[in-house]
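First up is the structure itself, then whatever we jot down about it.
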Amino acid sequence: MQKKLLTMAVAGALAAPGLALAQASVEVYGTVYPTFGHVKYSEGFTARDIDLRGAAAPATSTPIAVPSMSKFDVQAPSSNFGVRGRESVGAGLTAWFQIEQNAPLEREATQAVTVASRNSAAGLQGGFGNVFVGQWTTPWADMDSLWAIGQVSVFGPVTSLIGRRETTGVSPNPANGLPGTNTNRPCTTNLISPGGAGAPSANTSPQCDAVVGNGGVGHSFWRRAADMIRYTSPAFGGVTFDFMYQVPELKSVSVTGTAAQNGLGTIDATPSMWSTSLKWSGMGGRARVGVAMDRHKDFTSIGKTDVGYAIKGGFNFGVVDVGLAYEHETYKCGFFPTTAATGLIAAGAANLANLPALCGSEGEVKAKQYAVAISVPVGTGAIKASYAKAPDMTGAMAFGQTGAKEWLVGYEHRFSKRTSLGVEYAKIDNNRNAQFTWTGMAPTQIAQSNTPVFGSDVN
């Protein structure tokens, strides 16, 4: 069920350091998705299985079998509320702002439910287009509106397989780590209290909370980027161009020391990204298609850039609306830069611990995902279905069986433009070393996070 809150116009003003907008109009808005359902996690393991690097591989924990578990749960993923305003400032220009946050309908203590945790920015719009600064979903992520019509609730392919699950925050920096450890590790936990305070897990960054995490091999290309500036063009013949740049806020400088001093050696990282898309819509919105390309610098390996491209679209035939999506990502595996002065990490190709997680050697790792979605109108409602697949990643991998597939079917009945009620069944089949799931799921069998144990199916 979803229910959009009625908007209300109020008179007011926004004042913040460096920004002052006397509002001609301000509105409060929101969307709520309360769900009641049954969740099942199938059998899985606490660690990955066979390391393709053999005896040269770093030591890892022994996999322990985890039994299946099912339970009822109440969730409200993607529920949100916010405030936004616009004002005409003359010469055909409009100043605007938006501040939006999650509304999980339960008590949580994570960065994901703080003020401005969702799309929040301020900008200037005119005949030239729209320029804005703040935190916003990338052009890559926004293309999912072209095709993702085959789900009743949020438990669909988007931000699970398609986009390789979502993330929010600044560009992750692989050079940020604990002194005296192998620092070239992606963030692997968000179990840190708001503000980044708290003890992170081993080999993770002190800034490894929800607003910084998610780099490394297989990281998300569906992103809500903080510290970004974005331009959206006017529509020309149904064509719109988008460009977004996320600044390197976590850029680090060279630090040299000895092991006794907890020195990190010479480490230079400038994590940043840009995302761009070109979209077309025609025939009254029945036909739509878009292409996107992203470049993520220093997200996986220092001095290397991960690249992805996507094509998505759909066509409404009247009796059925069909959407299609294809994504392809290339992640770069490189050895962590070291100096002889540190004594912390032995340099050289033989030291496989000196690689990002999942990398079996230097080189490239390829990932791809594809999906199809349909929506069939039935009276005042619609039957919806989707299928998605993420094949095993290939290339310089340390592990196999990293893929998954997902399918769902449901029915949504609309009472009005704002209110609907639906039922849906969805399932993700994870391969032995995969952990795909939906954001906002109930805690797993071992109750440490909502990320399933390795190889556990989720439905």
Side-chain angles (χ1 to χ4, degrees), residues 4-31 80-101 115-147 168 223-247 249 272-295 312-314 316 417-418:
K4 181 176 289 185
L5 303 179
L6 295 176
T7 60
M8 58 181 181
V10 299
L14 174 72
L19 175 67
L21 298 178
Q23 299 306 325
S25 65
V26 177
E27 65 175 7
V28 176
Y29 67 96
T31 309
N80 61 83
F81 71 94
V83 57
R84 58 194 173 198
R86 302 175 64 85
E87 180 191 28
S88 175
V89 295
L93 299 178
T94 299
W96 65 271
F97 80 93
Q98 175 175 300
I99 302 173
E100 182 178 297
Q101 75 176 71
V115 175
S117 53
R118 291 175 62 89
N119 286 357
S120 302
L124 198 63
Q125 188 172 9
F128 59 87
N130 192 5
V131 176
F132 53 104
V133 175
Q135 174 171 280
W136 211 266
T137 45
T138 63
W140 176 296
D142 289 345
M143 280 215 317
D144 286 319
S145 63
L146 301 177
W147 78 276
T168 299
R223 307 184 78 89
R224 179 176 282 110
D227 301 324
M228 68 89 214
I229 181 170
R230 177 167 167 174
Y231 168 74
T232 301
S233 76
F236 298 103
V239 177
T240 304
F241 170 75
D242 267 293
F243 177 84
M244 186 220 75
Y245 174 62
Q246 185 178 38
V247 302
E249 184 188 54
S272 62
M273 68 167 286
W274 60 260
S275 176
T276 186
S277 72
L278 193 66
K279 295 181 291 187
W280 173 81
S281 178
M283 302 178 65
R286 293 176 58 197
R288 63 268 182 198
V289 66
V291 293
M293 183 175 183
D294 277 26
R295 292 178 64 86
K312 302 173 183 180
N316 192 336
K417 290 183 178 180
R418 290 196 304 265

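Side chains included, hydrogens not; waters and symmetry mates left out as well; all remaining heavy atoms used. If you read the sequence from its start, that first residue is 1, and numbering goes on from there.
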Partners passing side chain to side chain contact (heavy atoms under 4.5 Å, CB included) against [X] (at least two apart in sequence or in another chain):
X: N316; value: R286, R288, D321
X: S277; value: P139, M143, D242, K279, A292
X: S120; value: I99, E100, A116
X: A225; value: T138, M228, M244, Q246

Checklist outcome for this item: dist M273:CE -> R223:CZ (nearest 0.5 Å) comes out at 6.5 Å
Checklist entry - Taking atom CZ of R84 and atom OG of S25, what is their separation to the nearest 0.5 Å? => result 10.0 Å
Checklist entry - Which one of P234, S233, S281 satisfies the side chain to side chain contact (heavy atoms under 4.5 Å, CB included) criterion with T240? => result S233
Item to check | Single hit among T232, N119, I229, L124 for side chain to side chain contact (heavy atoms under 4.5 Å, CB included) with F132 | outcome: T232
Item to check | R118 side-chain N/O to R224 backbone N/O, donor-acceptor pair under 3.5 Å | outcome: no
Checklist entry - Would you say Q135's side chain and S117's backbone share a donor-acceptor pair under 3.5 angstrom? => result yes
Checklist entry - Is F236 close to F241 at the side-chain level, that is, under 4.5 Å between some pair of heavy atoms? => result no
Checklist entry - Does the side chain of N80 come within less than 4.5 Å of Y29's, by heavy atoms? => result yes
Next on the checklist: So which atom in M293 and which in W274 form the shortest heavy-atom distance, rounded to 0.1 Å?
Outcome noted: O-CZ3, 3.8 Å
Checklist outcome for this item: Nearest heavy-atom approach of W140 to S275 is N-OG, 3.3 Å
Item to check | Non-neighbouring partners of D144 that pass salt bridge (Lys or Arg N to Asp or Glu O under 4.0 Å), sequence neighbours left out | outcome: K312
Checklist entry - Which residues satisfy the salt bridge (Lys or Arg N to Asp or Glu O under 4.0 Å) test with D227, sequence neighbours excluded? => result none
Next on the checklist: Test of understanding: with side-chain hydrogen bond (donor to acceptor under 3.5 Å, both in side chains), list the residues that count as partners of W136, not counting sequence neighbours.
Outcome noted: none
Item to check | Step-by-step side chain to side chain contact (heavy atoms under 4.5 Å, CB included) determination, F128 to L93 | outcome: CA-CA 9 Å; F128 59 87; L93 299 178; 3.5 Å; yes
